[in-house]
Every structure is written in C-alpha cells, then in structure tokens.
Amino acid sequence: MLTGRTPGRLLARGVCRHLYQRGFSCLEEFTPTRGLRVDVMALTARGELWVIECKSSRADFAVDSKWSNYLAYCDRFLFAVGSEFPVDILPEEAGLMIADEYDAEILRKGVVHKLSSARRKKLLIQFGRSSADRVMRLLELAPGERK
C-alpha cells in the first residue's frame, strides 16, 4: 500500500483530490510498463488516460530524465508542482498543475497525443486490474486467495 508523506506524495494527493472532484479516476504509482512508474495515472469519463508527474523541486525535475518516456502511455501529460516551483523550466508542450496536499489547479492541459487502440486497451486493462488488486489488499485478501 502507498504510504509516506514525501513532498511528491503530498502533491499527488492534491492532484488526485482535484481530478476526482471532476469525475476522473486516479491511481498513484502506476506502472504502465516494466521500468516506468508514473506518479498519477488518471482516467477521464471519456476514456482518456492522463499521466501527471509530480515534481517537488528544481532538483527533483533535473534528476528525472525518464519523464519523456511516459508520453507513449497517455493521451495527455502534465507536471504537477507546488506554488513556489520555477515553472519556466518545464517544457511548454506539457500540461501544468499547481498543487498542494489538499487540492490542485490545472493551468494548462498540454498537447494531446492520442494513444493507439491497442495500447489504450492494454492500459485500461492494467488500470482496472491494478485498481481491483489495491481494493483487495485494502480488504486484506491476498491475490492468491481469490476464488
């Protein structure tokens, strides 16, 4: 289960709260493929998949060179940062959210890159299975005990 109160996790919490209030379903720390873990994967009511990468500082952004690999796994990509973050260092084509642990605001949605049908189907299945598995863990029923 996801735990901790790191700055990035607190941003993710505010992002998820904001998107949930707007009809999105969100998963934190979602793995679209081996070697990649996104901070937030959000599913819209229309079936779009958004990736939100939470950056708590300039240094956090500078050391993470893998964020561009996430573009192949979403229809929209956004950065979520705190109000003091130097947003001028973020790529203009990416979306932008300002967040704290309680809420967020979308300042720009970013460029749309439509997923192929096959990739969308695969990701939607992964999203559903990950969601169900997390619920099962919350209910303290190990995946191997399912009937």
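- Here the straight-line distance linking atom NZ of K109 with atom CH2 of W50 works out to 5.0 Å at 0.5 Å rounding.
- More than 12 heavy atoms of other shown residues, nucleotides or ligands fall within 6.0 angstrom of atom CD in Q21.
- Taking CD of E53 as the start and CZ of R37 as the end, the distance is 7.0 Å to the nearest 0.5 Å.
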**OP:** Show your reasoning for whether side-chain contact (heavy atoms from CB on, under 4.5 Å) applies to V15 and C26.
**Re:** CA-CA 9 Å; V15 165; C26 297; 5.8 Å; no
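- Distance CD/E105 to OG/S83: 11.0 Å, rounded to 0.5 Å.
- Taking hydrophobic clusters as Ile, Leu, Val, Met, Phe, Trp and Tyr residues chained together by side-chain heavy-atom distances below 4.5 Å, I89 does not share a cluster with V111.
- Contact record, A99 with A104: CB-CB, 3.7 Å, taken as the closest heavy-atom pair.
- Looking at D39, V38, L19 one by one, the single match for side chain to side chain contact (heavy atoms under 4.5 Å, CB included) with I52 turns out to be L19.
- In the hydrophobic clustering of this structure, W67 groups with L115; members are Ile, Leu, Val, Met, Phe, Trp, Tyr whose side-chain heavy atoms approach within less than 4.5 Å, directly or through other members.
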**OP:** Take F61 and F79 through the ring-ring contact (aromatic ring centres under 6.0 Å, His included) test and state the conclusion after the steps.
**Re:** CA-CA 10 Å; F61 175 72; F79 283 105; 5.5 Å; yes
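- Counting heavy atoms from C-beta on, the side chains of L78 and L96 never come closer than 4.5 Å.
- Rounding to the nearest 0.5 Å places CG of L27 at 4.5 Å from CZ of R134.
- Using a 4.5 Å heavy-atom threshold, the side chains of T33 and N69 count as separate.
- Rounded to the nearest 0.5 Å, atoms CZ (R58) and CG (L90) are 9.5 Å apart.
- Across every non-hydrogen atom of Y73 and L36, the tightest pair is CE1-CD1, 3.7 Å.
- For R46, the CZ atom counts as loosely surrounded, since its 6.0 Å shell holds 12 or fewer non-hydrogen atoms of other residues, nucleotides or ligands.
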**OP:** Could you walk me through whether E48 and K114 pass salt bridge (charged side-chain N to carboxylate O under 4.0 Å, His left out), step by step?
**Re:** CA-CA 8 Å; E48 289 183 353; K114 287 293 182 187; 3.1 Å; yes
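- In this structure, F127 and S25 approach most closely via the heavy-atom pair CZ-O, 3.6 Å.
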Original post:
Would H18 and I106 satisfy side-chain contact (heavy atoms from CB on, under 4.5 Å), going step by step from the backbone distance to the final call?
Top reply: CA-CA 9 Å; H18 176 82; I106 298 173; 4.0 Å; yes
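- Inter-residue side-chain proximity for H113 and F77 is flagged as unmet; no heavy-atom pair is nearer than 4.5 Å.
- A continuous path of Ile, Leu, Val, Met, Phe, Trp and Tyr side chains, each step under 4.5 Å between heavy atoms, connects Y70 with V81, placing both in one hydrophobic cluster.
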Subject >> Criterion side-chain contact (heavy atoms from CB on, under 4.5 Å) on L124 and L49, from CA distance to verdict >> reply: CA-CA 8 Å; L124 289 173; L49 289 162; 4.2 Å; yes
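- Atom CG of D75 is separated from atom CZ of R120 by 4.0 Å, given to the nearest 0.5 angstrom.
- Linking Ile, Leu, Val, Met, Phe, Trp and Tyr whenever their side-chain heavy atoms come within less than 4.5 Å leaves M97 and L107 in two separate clusters.
- Closest heavy-atom contact between F30 and S130: CE1-OG, 3.8 Å.
- Listed for the E101 side chain is no donor-acceptor partner under 3.5 Å among the backbone atoms of R13.
- One N or O on the side chain of D100 and one on the backbone of D103 form a donor-acceptor pair closer than 3.5 Å.
- At least one cation-pi condition fails for R17 and Y102: the charged atom is not both under 6.0 angstrom from the six-membered ring centre and inside a 45 degree cone around its axis.
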